[in-house]
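One structure is given below, encoded as structure tokens.
As the structure lists them, so they are numbered: ligands from 1, and atoms in each ligand from 1. It should be emphasised that the depicted structure is a prediction, and the values quoted were computed from it without experimental measurement.
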Amino acid sequence: MPAESVAATVAAVPLVDHHVHGALRHAPDRTAFETMLSESDRPTPPWMTQFDSQIGLAIRRWCAPLLDLEPLTSADEYVARRGELGEDEVTRRFLRAGGVERYLVETGFLADAIRTPAEMSQVAGVPADEVVRLESVFEQVAREASSAAAALRAFPDVLADRSKDAVGLKSVVAYRFGFDFDPERPDVADVVAATGAMLAAAGDGAPRVDDPVLLRHLLWTGIDRGLPLQLHTGYGDPDLELHRCDPLLLTRFIKLVEPHGVDLLLLHCYPYQRNAGYLAQVFPHVYFDVGLGINYTGLRSDAVIAESLELAPFAKILYSSDAWGPAELHFLGAHLWRRGMTRALTAWVDDGEASAADAARIASMIGRENAQRVYRLDAR
Ligand SMILES: [Zn+2]
């Protein structure tokens, strides 16, 4: 039966999660756990629970059995069982159940609360490589430098050193400003002035890069470094203004980067996955995924995945979970991706519009091979 063979094939693809963060080190309480089931940073109001959402249903349906509970067990029972097992055991079970063969771990966000790439590798039993966040490196350099000019002089070398074993770089320009920035390399004098202003505003505290001149400088220094560059795109926490994170706003930047031979990876993209598919079709150095959106759309993630398959060549789409924190997210990203891909590909095969061999090839390309090629993982 073709349908069964597609499901089995997709289930067997070992995934490269090309953008993910560490799993929690310590067990969260109920409030903290629920906060991590939403991209909102606002407290959950007392008259609702985040379990009454797509991701909440998905956790009760698909994660509960991995903690020895019945599917769709209550939220109270779920959280109690989680606490009983402890974070190490919960994390071990979820990371090992997702069928991920390699994690590319971005380390730039609240790194103290989560496991390092080496710790992820240990608990999952598979390799984990690092993706380095441009803004975090520069903020550290600026904090330690004696002046704005000194920080800017040191940055390329520090970035090269910090990323010497990394597979890629990442930018959060979407959060810090938006994509409606001047795409050209900024003037040196403007960059020095912007760095000075950032240091003055920080005083003795931690500097934060949010000036578009500086963000552009970081992007172009990243392009000079030559590693694949990930850009958070679309949906995310309320630091960003979503309407300014449509990847189409990057079109002129994408054109300027093209002659430099650096691949750009548009991360997650929801609800702009169709726009990302267009960019991935027309520009040879543009790739995208629909991670993050998959977890939070739960039952409806099959529709998001199907849309991601509309326009882009299959060689330009990658898998990610963008999980940060609870290891449920690391597992669900993989599980829901397999579910959505199986549904899409099964329909094509059943209708005679693709062969079972085509379905297997497409699932393997998106699940692992495209990431292996872009990040040169075979050479590692
Ligand atoms: Zn991320």
Flag for S320-D17: side-chain donor and acceptor within less than 3.5 Å: no
pair R102-R380: side-chain heavy atoms closer than 4.5 Å: yes
Hey, which N, O or S atom on [X] ends up closest to the Zn ion (ligand 1)?
| X | value |
| --- | --- |
| H19 | NE2 |
| H21 | NE2 |
| D322 | OD1 |

Quiz item: cation-pi between R244 and F177, 6.0 Å / 45°: yes
Pairing of E101 and R368 as salt bridge, 4.0 angstrom limit: yes
